[in-house]
Amino acid sequence: MEILQGVFEFLLSLGAAIFVPIIIIIAGLIVRMKVKDAISAGITLGVAFSGMTMLISYMTSAITPAAEAMAQTVGVSLPITDGGWTTMSTISWSWPWAFLMFPLVIGINIVLIVINQTSTINADLWNVWGKIFTAVAVFYITNSVALAFVIAGIQAIFELKSADFHQHRVKKMTGIPGLTVTHKMVFLAAPMYPVDWLLRKIPGLNRSFNAQDLRDKVGIFAENHILGFILGIVFGLLARFDVAATLTLGIQAATALTLFPVISKYFMAALEPISAAISEFMQKRFKHRELFVGLDWPFLGGANEIWLAVIWTVPVTLVMAFILPGNGILPFAGIINIAIAVPAYFVCRGNIIRMLILCTIFVPVFLYVGTAFAPFMTELANTTQAVQLAPGQLISNSSIDGPVFTYAFSHFMQVTEGNWLPLVVLVVWVLTFVLYSRSLLAER
């Protein structure tokens with residue numbers, strides 16, 4: 001058992017840019033791709049992951065100092081350190097039972113495919129830590145390992161069903177056949193859906209208005225490099241940077257927004273042949289069924305609307321953090337919040353105006369959930385020494401993926417202590433998930 005755990009820990013220590021391509025290469029060889037084609041696709045995917053990680057780190061390192069300067073200007077004291085998703089992943093994997101999540105997730109996927117309850121093959125095994133994150137919270141609330149794995153299994157099932165429902169829209173919005181998204185960040189699309197439904201009733205908000213439409217309206221000012229430069233200048237001014245630092249931030253933001261669509265092309269180059277090979281292989285074994293490959297979100301990175309929403313959310317998150325009663329987390333490592341922009345992109349079908357409205361409305365959810373998770377993640381970090389914290393220091397994440405689902409399903413047992421809020425939120429999420437799923441199915 002210890003040897004198996006060591007193998008898992010070693011593979012995960014390689015990082016997503018190596019781990020995921022290894023999985024893809026193995027999958028390619030299993031479905032009879034030529035060795036050279038499978039290796040080429042895997043390495044190309046590794047390049048794409050590394051490029052996307054570099055760009056996000058670049059944008060984060062550029063924007064975070066501006067965010068810190070704004071926080072210092074306001075002078076609000078928030079005690080919870082924002083460690084971002086990387087720190088949460090490290091802490092989650094330090095849970096002694098974490099390595100058992102792999103066979104659980106893979107087993108559930110195989111069973112659901114065999115009994116024809118999913119059409120998705122989840123290749124996003126790197127993000128198994130998201131199930132562990134939920135399980136950790138369940139364990140620290142209930143002290144039950146069994147219940148922790150039950151809830152994690154339920155999350156895995158919902159991820160597969162969500163991927164099934166989203167596949168048609170993924171294909172339509174990306175142009176890549178045979179792919180879907182199995183990341184739990186899309187769970188937020190469910191509670192966003194009824195809000196977007198109301199927004200579409202407002203005249204002017206019910207028409208197409210994506211990045212291309214914006215470009216047609218305002219010309220060069222909607223080009224990625226120009227828009228990025230303008231946003232960077234605005235951030236610099238809000239942070240009270242000097243002229244040189246403000247102009248530098250403008251160029252950095254312009255660089256990031258210009259290169260994101262470029263990197264996304266490498267995801268397409270890597271994933272199209274793999275997707276086609278897997279589909280052909282599975283078609284022979286599951287006749288009359290079409291199966292899809294479920295992946296993490298980065299192959300969506302070519303959508304300019306996502307990055308516009310991400311940048312918009314930075315100042316909104318900071319302002320909300322300062323003024324929301326009950327918030328204890330200062331946005332820092334999670335300030336670049338992909339987990340709010342991607343679900344908004346799907347719900348709004350790229351309508352940038354509605355996306356910005358939804359992101360503004362749902363920012364408080366991330367802050368409150370991040371605050372709620374701080375005690376559990378801090379206790380685990382201190383117990384396992386996965387992250388070194390100062391005495392009394394609290395740690396969490398201001399951009400927890402699928403915050404409504406994660407909070408509700410991990411905390412609902414607090415009803416035994418008289419806290420009914422998580423159970424109410426759970427019921428609301430399930431109802432909105434059903435409604436949203438029906439809308440996705442209806443458009444096929």
Side-chain angles (χ1 to χ4, degrees), residues 119-120 159 161-218 222 224 227 257 260-261 264-265 267-268 271 292 294-313 316 337-363 365 401-402 404-405 429 432-444:
S119 298
T120 297
E159 286 176 351
K161 300 305 292 185
S162 175
D164 291 340
F165 300 146
H166 274 95
Q167 195 281 325
H168 179 79
R169 190 167 291 186
V170 169
K171 178 181 179 181
K172 184 176 181 180
M173 297 180 74
T174 66
I176 308 177
L179 289 185
T180 186
V181 180
T182 44
H183 201 292
K184 72 165 180 170
M185 68 170 59
V186 297
F187 285 173
L188 187 60
M192 281 182 167
Y193 172 71
V195 180
D196 184 65
W197 182 84
L198 291 173
L199 291 176
R200 282 185 273 117
K201 301 298 180 182
I202 301 175
L205 293 182
N206 59 353
R207 63 184 66 174
S208 171
F209 198 79
N210 55 26
Q212 183 58 52
D213 295 322
L214 181 64
R215 193 172 291 117
D216 294 339
K217 294 287 184 182
V218 297
N224 283 19
L227 188 57
L257 258 66
F260 276 123
S264 70
K265 294 178 181 177
F267 281 101
M268 297 180 190
L271 295 172
F292 313 109
L295 290 172
D296 198 354
W297 71 271
F299 74 93
L300 302 167
N304 296 330
E305 297 85 358
I306 290 176
W307 302 111
L308 293 175
V310 166
I311 294 178
W312 164 267
T313 305
V316 173
N337 191 355
I338 309 294
I340 196 172
V342 169
Y345 174 68
F346 279 125
V347 171
C348 300
R349 307 182 197 188
N351 182 297
I352 188 61
I353 302 299
R354 298 205 310 270
M355 284 178 65
L356 299 184
I357 294 173
L358 283 181
C359 288
T360 302
I361 292 172
F362 279 85
V363 158
V365 174
D401 300 317
V404 177
F405 174 95
W429 184 86
T432 56
F433 181 81
V434 171
L435 291 173
Y436 178 53
S437 299
R438 287 180 176 177
S439 74
L440 290 171
L441 291 172
E443 71 181 41
R444 292 186 174 184

Hey, does the side chain of N351 reach the backbone of I353 with a donor-acceptor pair shorter than 3.5 angstrom?
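Yes; at least one donor-acceptor contact below 3.5 Å.
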Just how far is it from atom [atom1] of [X] to atom [atom2] of [Y], taken to the nearest 0.5 Å?
X: S162; Y: Y436; atom1: OG; atom2: OH; result: 7.0 Å
X: D164; Y: L440; atom1: CG; atom2: CG; result: 11.0 Å
X: M173; Y: L300; atom1: CE; atom2: CG; result: 8.5 Å
X: I352; Y: I306; atom1: CD1; atom2: CD1; result: 9.5 Å

Contacts of S437 that satisfy side-chain contact (heavy atoms from CB on, under 4.5 Å) - sequence neighbours left out
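Per chain and number, S437 pairs via side-chain contact (heavy atoms from CB on, under 4.5 Å) with F165, F433.
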How would you list, by chain and number, every residue that makes a side-chain contact (heavy atoms from CB on, under 4.5 Å) with A309, sequence neighbours excluded?
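Scan of A309 (side-chain contact (heavy atoms from CB on, under 4.5 Å), adjacent residues dropped) gives A341, M355, L356, C359.
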Non-hydrogen atoms of [X] and [Y] that approach each other most closely:
X: R169; Y: F346; value: NH1-O, 2.7 Å
X: V347; Y: L358; value: CG1-CD1, 4.2 Å
X: Y345; Y: E305; value: CE1-OE1, 3.7 Å

Which donor-acceptor pairs under 3.5 Å do the side chains of residues 181-195 make with protein atoms, sequence neighbours left out?
residue : atom : partner : partner atom : Å
T182    : OG1  : N122    : OD1          : 3.0
H183    : ND1  : M185    : N            : 3.1
K184    : NZ   : D401    : O            : 3.4
K184    : NZ   : T406    : OG1          : 2.8

Less than 3.5 Å apart, any donor N or O on the side chain of W197 or S439 sitting next to an acceptor on the other?
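No, because no side-chain N or O of W197 sits under 3.5 Å from a partner of the opposite role on S439.
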Would you mind reporting whether F299 and L179 have side-chain heavy atoms less than 4.5 Å apart?
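They are in side-chain contact.
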Side-chain contact, heavy-atom cut-off 4.5 Å: I340 with V363?
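Yes, their side chains come closer than 4.5 Å.
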Considering residues, nucleotides and ligands other than K161, do more than 12 of their heavy atoms fall under 6.0 Å from its NZ?
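Check passes, neighbour count above 12.
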Among all residues two or more places apart in sequence or in another chain, which pass the side-chain hydrogen bond (donor to acceptor under 3.5 Å, both in side chains) test with [X]?
X: T313; value: none
X: D196; value: R200, R354
X: R438; value: none

Check: H166 ring centroid to F292 ring centroid under 6.0 Å:
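For H166 and F292, the ring centres are not under 6.0 Å apart.
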